[in-house]
Structure formats: structure tokens, C-alpha cells
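Reviewing the structure listed below.
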Amino acid sequence: MFRLVPTCKGRHFSRYLPRIRTHYQLCSTAANCIRVSSHGLENNNKEIDFELLFHSCTKTHLAKGLHALLVVSGKAQSIFIATKLVNLYANLGDVSLSRHAFDRIPKKDVFTWNSMLSAYVRNGRFLEAVICLYEMLLTSEVRPDFYTFPPVLKACGSLVDGKKIHSWVFKLGFEWDVFVAASLVHMYCRFGSVDVAHKIFNDMPFRDQGSWNAMISGFCQNGKAAEALNVLDDMRLEGMKMDSVTVSTILPICAQMDDILRGILIHLYVIKHGLEFDVFVSNALINMYAKFANLRNAQKVFDQMVARDLVSWNSIIAAYEQNDDPNAALKFFGGMQLNGIQPDVLTLVSLASIVAQSRDHKNSRSIHGFVMRRFWIMVDVVIGNAIVDMYAKLGIIDCAHKVFEKIPSKDVISWNTMITGYAQNGLASEAIEMYCMMEVCKDITPNQGTWVSILPAYSHVGALQQGMRTHGRVLKTGLHLDVFVGTCLIDLYGKCGRLDDAMSLFYEVPRMSSVPWNAIISCHGIHGHGEASLQLFRAMLDEGVKPDHVTFISLLSACSHSGLVDQGRWCFHLMQEYGIKPSLKHYGCMVDLLGRAGFLEMAFDFIKSMTVQPDASVWGALLGACRIHGNVELGKYASDRLFEVDSENVGYYVLLSNIYANVGKWDVVDEVRSLARDRGLRKTPGWSSIELNNRIEVFYTGNQSHPQCEEIYNELEILTAKMKSLGYIPDYSFVLQDVEDDEKDHILTSHSERLAIAYGIISTPPKSPIRIFKNLRVCGDCHNATKFISKITEREIIVRDSTRFHHFKDGICSCRDYW
DNA sequence: ATAGGGTTAG
């Protein structure tokens with residue numbers, strides 16, 4: 001037995017040092033040995049308390065010292081001690097030293113093997129754990145026991161591995177052990193075989209807390225909340241109490257099922273049973289309250305925590321971020337840093353969203369850089385997607401695309417994010433192109449998010465045929481009954497001029513929420529069917545659906561398009577009765593409603609009565625109204641205010657120059673135009689599109705490059721002659737250049753909407769309807785001309801521009817008071 | 001001396 005010399009100082013150990021070095025080369029200095037052993041030296045001439053020594057090894061170098069000590073004393077020969085060393089190194093996180101010690105044990109028993117296995121598993125080295133099991137089974141004489149299997153079941157990386165291990169369990173007769181069975185349940189659930197797991201669970205002769213929890217969490221992780229709750233009920237019927245594990249499993253389910261009551265009851269249970277000091281439980285509570293948008297309670301739970309970990313901080317940050325309070329979220333991030341907690345991937349995911357919400361361009365770069373330096377994009381799709389989303393939301397779409405391309409294994413969400421990014425930045429054709437590229441990827445299956453990202457892109461460019469093909473695919477997945485997908489489809493048909501189809505879809509989707517109502521009200525609005533919109537709104541109220549702020553935007557703009565001034569004002573007041581504070585968008589709609597109807601002064605007074613500072617959209621609405629009614633003076637005033645708040649939007653310069661061109665003040669027109677030019681602004685190029693044979697054909701103003709260009713201009717020439725004989729007089733006020741009348745004629749006839757219409761006429765059978773999309777507002781002269789064209793060609797011509805539909809038939813347009 | 005079940009996401 002090794003005994004210590006009475007005075008333990010360095011020199012006594014230094015005697016052994018050379019041997020230690022040559023044997024193991026593990027111990028760096030004698031001092032380490034001494035530090036380690038000093039605990040055992042309290043009583044001289046007594047045996048070292050190795051138990052205590054093992055406990056005092058809190059760092060790898062101390063463990064190495066102890067190891068050396070044990071070797072020198074010959075104690076390391078004992079399989080008992082050697083196995084302890086394997087465990088010690090594993091607990092310190094150094095698996096390779098565990099393995100090193102393990103390899104030096106000449107005759108390993110089952111304890112040794114089990115320790116090595118769990119050493120791997122506890123350190124996340126799953127593959128090596130499985131290999132080690134095979135080593136044990138195939139190269140050693142040692143028979144595994146029921147301690148062997150739970151760790152490796154946790155380690156197996158696929159269902160195939162798991163099944164193989166299961167067959168060993170079966171062969172060796174350990175399947176009735178509670179721990180082994182629970183591990184099997186957990187393993188099968190992990191790979192989605194919940195049914196197999198449930199069968200094993202049901203066949204278990206005895207179930208302890210852990211096995212119940214395994215089954216409940218198994219159902220939860222496979223999205224079977226109802227089944228999980230059933231198991232929970234069974235558990236309580238058998239007299240088993242919920243522990244902290246059960247609670248932290250079940251709380252996310254309450255959030256997912258929107259079961260506030262159950263969540264609160266569980267919180268009470270937690271308090272009653274003293275589980276509130278468990279970090280997992282508190283974290284789960286914070287997350288649940290955040291999902292219920294109950295920030296007060298989330299905050300309360302967070303505040304009363306004794307010890308907060310990374311997840312606690314991430315949860316409270318996400319709580320505020322997801323409830324639209326990026327500033328508070330950022331404050332907590334600061335708090336996290338003050339507490340010395342290092343952010344992880346999920347922290348950065350929240351930060352990316354915070355930055356996007358607060359339109360913080362500068363910090364978006366820092367976040368990107370932080371993530372890149374850690375190579376997180378390489379290891380985690382989620383953060384890559386979050387960065388793509390951040391850039392897309394900030395409108396920095398090319399950066400979004402660059403990051404997207406760097407994501408090594410893109411998933412559906414990566415694609416959906418990119419498609420949505422393009423679509424929401426007005427780049428619908430890029431969005432469609434992205435979707436087509438995605439369809440080629442075999443390993444990507446479109447999901448609900450895909451449909452809600454691509455369908456709005458189709459509606460935006462009016463790709464009805466492509467949209468309908470997608471509708472077919474959606475039907476196969478059954479997702480057309482999903483509120484959001486259904487609403488996108490309603491929007492698609494509505495915005496492509498198929499109001500009837502939109503209506504019949506509307507009657508199919510669930511209508512408990514305001515979402516589909518808002519869409520159908522808006523669709524009727526842009527078709528100029530304001531009365532129908534109001535009727536739908538009343539039906540909505542009758543069905544007990546609560547209108548939200550979007551409802552009123554749809555409604556107000558519907559009234560505006562149909563000139564329903566009184567009804568619009570009624571809506572505006574009603575909105576406040578519903579406790580909805582008017583936003584700038586609502587104010588903008590009201591100004592548009594009053595102004596468009598000719599009540600310019602009233603509109604102006606309305607702006608003056610606003611409690612919030614009017615923004616560009618409000619002044620823009622007034623300016624637009626002045627354009628329609630030719631009020632130069634008020635238009636000038638509106639534009640002055642407008643350029644104070646937004647001097648970057650070209651559209652407003654065009655509007656203002658329109659007003660002056662209308663009254664022939666060409667010098668001022670030039671002034672306005674040069675003002676825009678000086679600010680580096682260029683007119684958004686106008687384009688019109690038409691869908692033929694599943695293809696979208698786009699025409700830009702003055703387009704000369706179309707293969708059928710000559711035929712198109714010929715057709716227009718013939719049409720113009722016929723139109724003139726019917727009394728068409730070109731309105732030159734829409735020509736913003738001060739040129740000769742001949743030139744003006746030509747400019748008007750080469751407007752993109754006219755090119756698209758002419759192309760439609762020569763490319764489709766006579767008398768079939770023509771559907772045109774225009775990205776800007778339809779020009780007033782083209783509007784007038786289209787009336788004549790519809791009469792001459794006996795065609796229905798449907799033009800959707802940036803604000804509404806124009807339905808031309810027999811020389812009449814459905815929209816009233818245009819221009 | 002060795003074992004299972006838990007919280008955050010785009």
C-alpha cells in the first residue's frame with residue numbers, strides 16, 4: 001500500500017518524476033501531483049483518501065497528476081481505479097484521455113466498457129460510442145448488461161443502428177429493464193417510429209417516471225400533442241405525479257395548442273410542488289408565456305429565477321423580439337453580455353430578427369460578420385436562413401442571395417425565405433425563378449410556407465395560369481384548406497380578375513379568423529365593388545369574426561375606389577369603436593377617400609386634425625387627389641410637405657410634374673424633373689405584362705426589341721386611326737415632355753399598356769378577353785384609349801394596375817371617376 | 001465504478 005512521507009513537499013515527489021514522465025508523459029509538473037494529493041495529506045501516515053482525490057480533480061491537469069500518482073503507487077493496476085479514471089476524464093470533457101486510460105487496461109470488464117461507452121455519449125461523441133459498442137460485442141468476451149444499452153441507444157444515429165441495437169437487447173434479454181425500455185421508446189420516437197415506441201411502452205411491465213416522460217416527449221416531438229396529453233392523463237390516473245421533466249415537456253405543447261388555461265394550471269402546479277426553481281421549467285414557462293404574448297408573466301418568471309442559463313436569456317430575448325419589441329429584446333441581450341453569458345446560434349437568430357425589425361442596417365453587417373467568423377453558417381441552416389431573412393427584410397436583397405448561396409445544405413425554409421424575400425421586395429419574377437430552381441431539387445418538398453411565398457408572387461405579376469398549376473399541386477397536398485394558403489389563393493384569383501373563383505374559394509376555407517375576410521374584402525375593393533366589400537364586412541361581423549387593422553385598410557380603400565365617402569367615414573369611426581387606433585395607413589386611405597371624391601379641403605382639414613405626424617403616404621394621397629382634380633396650389637403645398645418627409649420617392653415628383661404639365665406650366669415641369677434628377681432619382685420604368693401560353697410577356701414603355709414589334713406598332717396605328725374616327729382625342733397632358741404633337745402621339749402610343757394590349761389582340765382569337773398587368777398606375781390617356789379599343793375589337797379588356805382593376809367592355813370602364 | 005426521460009429557432 002502506498003503511504004505518504006510525513007512532509008509532502010515537491011522534493012519527495014520529484015524522485016518519482018522521471019518515471020512518471022517516461023511511463024505516461026501525462027504529468028507536466030510535480031507541483032500538479034502535490035496539489036492534487038494535498039487533500040489527502042491531512043493526516044500523516046494514513047492512507048490517501050482516493051475518494052476525496054477523485055472529487056478534487058476539477059481540471060484535466062489535476063486529473064493527470066492523480067493519474068500519475070496512481071500509476072506510481074501501483075494503484076492504477078486495479079480495474080476499479082482504472083475505470084474510475086476513465087470516468088474522471090470523461091467528466092472533465094476529455095474523451096481522448098478516457099480512451100487512453102481505457103486502452104491501457106489489460107483485462108476489461110463490463111464496468112469498464114460501459115464507462116467508456118457512456119464517456120463517449122456524455123461528450124456527444126455518438127459515432128465513436130456506437131463503434132465502441134461493436135468493438136465490445138465483436139472483439140471482447142465481455143457480455144453486455146442492462147447498463148450497456150441506454151447510452152448507446154441515445155447515441156445511435158439512425159433507425160437502422162437503433163434496430164440493430166434493439167435486436168441485441170432482445171437477444172440478451174434486457175428488453176424488460178425499465179431504463180432499457182425507456183431508452184428504446186425514446187430512440188424510436190427520435191426517428192419518427194412513434195407507433196413502435198408506443199407498443200414497447202404499452203408492453204412494459206412496470207413504468208417509472210422516466211419512461212412516462214420518454215413516451216410523452218416522444219409524442220410531443222412528433223407533433224402528436226393530443227396523444228401526448230392522453231399519455232399524461234394515463235400517467236396521472238396511475239398515481240404518478242408530474243416532475244420537472246414532465247412539466248418542461250408539456251409546457252411547449254400548451255403553447256402549441258394555444259391552451260392558455262392548461263398552461264396556467266401547470267404553472268400553478270409548478271408553484272405548488274416547488275418545481276419553479278428548476279431552470280428547464282422556468283425556461284419553458286418563459287417560452288410559453290411569450291407564445292401567448294403575455295410578456296408580463298414571462299418577465300415575472302425570468303425575474304424570479306435564481307440561476308439563469310443561456311436558454312433563459314435566449315428565451316427572454318426571443319420573447320420580446322417575437323412580440324415586436326426589438327428595443328427591449330436588445331436590452332436583455334445587453335444584460336446577457338453583462339452576466340458573461342456567451343451568445344450562441346439561437347441568440348444570433350433572435351438578434352438578426354431584432355435588427356430587421358428595427359431597420360438597423362449598420363448592425364446587420366456586424367451580425368453577419370459575427371456569424372461568419374464562427375463559421376456558423378456552415379454548421380446550422382437556421383442561422384443561415386435567419387441572416388437571409390434579415391437582409392431580405394432590410395431590402396438588401398443581393399446580400400440575402402449571396403448568403404443563401406453560401407448555405408451548404410439548404411432546406412425548404414431556406415428556399416421559402418429567399419422566395420419571400422424576392423417577392424416582398426417587388427421582385428416577383430426573381431421569386432418565381434427561385435421557385436422553379438427549388439422544384440428541380442429532389443430533396444426539397446414544398447410545404448405550407450412555400451405556397452404562401454410563391455402564390456403572392458404569381459398574383460403580383462398576374463401569372464394566373466402558373467398560379468392555377470400551383471393551385472393543382474396545393475390541392476394534392478390538401479393544404480388549400482389551410483387559412484393562409486387558402487387566403488393566398490383567394491388573393492391570386494381576385495388579383496387576376498377571377499372574382500367568382502375567389503369567392504368560391506372563400507366559402508371553402510375556414511373563416512373564423514379575419515385573414516380570409518380581409519383578402520376577399522380587398523379583392524372586391526380593387527374591382528371597384530365597394531358595396532360588395534361593405535356587405536362582406538357586415539357578414540363578417542354577423543359571423544362574429546373580429547375585424548383587425550388590416551380589415552379596415554381593405555375596407556377604407558374599397559370605399560375610396562368606389563367613391564363611398566360616407567360609408568368610408570363610418571368605417572373610420574367604427575374602427576375606433578373596435579379599439580383599433582388608426583395607423584398612418586388608415587389616415588392615408590381616408591385622405592385618398594376624401595380627396596379622390598373631390599373634397600380636397602376636407603381632406604386637408606383631416607390631415608391637420610391628425611394626432612400623429614403625417615407621413616409620405618398621407619401627403620402622397622393628397623397630392624394624388626390634387627392631380628385628379630387639378631388643384632395646383634394645394635398640390636404644391638402637399639408636395640412641399642411630402643419632400644420634407646420623403647424626398648427619395650420618384651413617384652411623387654412624377655405626380656407633381658403631372659399637375660404642372662396638365663396646366664401647361666412646362667418651365668415648372670422642368671424644374672421638378674431636374675430636382676428629381678439632382679437627387680439622383682430615376683423614374684421607375686413602367687411595364688405591362690400579359691400571360692400567354694403559361695408565359696408572362698413583359699413590355700416596357702417604348703419597347704422596340706420584341707420579335708413581333710413591327711406587327712404590334714402596325715396594329716396600334718390601325719387602331720388609333722379607327723379610334724380617332726370614333727372621337728378619340730389624345731390627352732397630351734400625360735406626356736411629360738414638351739415636344740411637338742406628332743411626337744406626343746408617338747409617346748402615348750408606345751406606353752407599355754398599349755403595347756401589351758396590341759400584342760394581346762394579335763396573339764389571341766378574336767373577341768376573347770385580354771388581361772393586362774401594369775406595375776404603375778394606368779395612364780389617363782391609355783385609360784381613355786382602352787375604352788375605344790374595347791369597343792372596336794369587341795373584347796373585354798381587364799387591366800390591373802398598382803391600385804385597382806379597370807374592366808373595359810363596350811367602350812365603358814367599370815371604374816368611376818378615373819382621373 | 002457504469003444507465004433512460006426535459007426548455008429556446010429561421
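Quick note on labels: first sequence line is chain A, next is B, and so on, each numbered from 1. Please read all numbers here as calculations on a predicted model, not as lab measurements.
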Does the aromatic ring of A/Tyr147 sit over the six-membered base ring of B/dT2, closer than 5.5 Å centre to centre and tilted less than 30°? yes
With stacking defined as ring centroids separated by under 5.5 Å and planes differing by under 30°, is A/Phe179 stacked against B/dA3? no
Expressed as a whole number of angstroms, how long is the span from [X]:[atom1] to [N]:[atom2]?
{"X": "A/Asp344", "N": "B/dT7", "atom1": "CG", "atom2": "P", "value": "15 Å"}
{"X": "A/Met288", "N": "B/dT8", "atom1": "CE", "atom2": "C1'", "value": "14 Å"}
{"X": "A/Trp212", "N": "B/dG4", "atom1": "CH2", "atom2": "P", "value": "21 Å"}
{"X": "A/Trp113", "N": "B/dT2", "atom1": "CH2", "atom2": "C1'", "value": "14 Å"}
{"X": "A/Arg190", "N": "B/dG4", "atom1": "CZ", "atom2": "P", "value": "12 Å"}
{"X": "A/Tyr89", "N": "B/dA1", "atom1": "OH", "atom2": "P", "value": "19 Å"}
{"X": "A/Arg122", "N": "B/dA1", "atom1": "CZ", "atom2": "C1'", "value": "11 Å"}
{"X": "A/Leu133", "N": "B/dA3", "atom1": "CG", "atom2": "C1'", "value": "14 Å"}

Please determine, by modelled atom types, if A/Gln299 and A/Tyr320 share a side-chain donor-acceptor pair under 3.5 angstrom. yes
Is it the case that the side chains of A/Ser409 and A/Asp411 hold a donor-acceptor pair, with the cut-off being a distance below 3.5 Å and no angle test? no
Identify whether any heavy atom of [X] sits under 4.0 Å from a base atom; if not, whether one sits that close to sugar-phosphate; answer base, sugar-phosphate or nothing.
{"X": "A/Ser211", "answer": "base"}
{"X": "A/Asp208", "answer": "base"}
{"X": "A/Phe149", "answer": "nothing"}
{"X": "A/Ser183", "answer": "sugar-phosphate"}
{"X": "A/Asn91", "answer": "nothing"}
{"X": "A/Val381", "answer": "base"}
{"X": "A/Lys291", "answer": "sugar-phosphate"}
{"X": "A/Asn314", "answer": "base"}
{"X": "A/Gln221", "answer": "sugar-phosphate"}

Run the ring-centre check on [X] versus [Y] and record whether the distance is less than 6.0 Å.
{"X": "A/Trp212", "Y": "A/Phe201", "answer": "yes"}
{"X": "A/His166", "Y": "A/Tyr188", "answer": "yes"}
{"X": "A/Trp113", "Y": "A/Phe102", "answer": "yes"}

Can you check whether any acceptor in the base of [N] is under 3.5 Å from a donor in the side chain of [X], or vice versa?
{"X": "A/Asn283", "N": "B/dG6", "answer": "no"}
{"X": "A/Asp278", "N": "B/dG6", "answer": "yes"}
{"X": "A/Thr249", "N": "B/dG6", "answer": "no"}

Counting heavy atoms from C-beta on, name the nucleotide in [options] closest to the side chain of [X].
{"X": "A/Val281", "options": "B/dA9, B/dG6, B/dA1", "value": "B/dG6"}
{"X": "A/Phe146", "options": "B/dG6, B/dA3, B/dT7", "value": "B/dA3"}
{"X": "A/Val349", "options": "B/dA9, B/dT7, B/dG4", "value": "B/dA9"}
{"X": "A/Ser244", "options": "B/dG4, B/dA9, B/dG6", "value": "B/dG6"}

With heavy-atom distances below 4.5 Å as the criterion, would you say the side chains of A/Ser183 and A/Phe149 are in contact? no
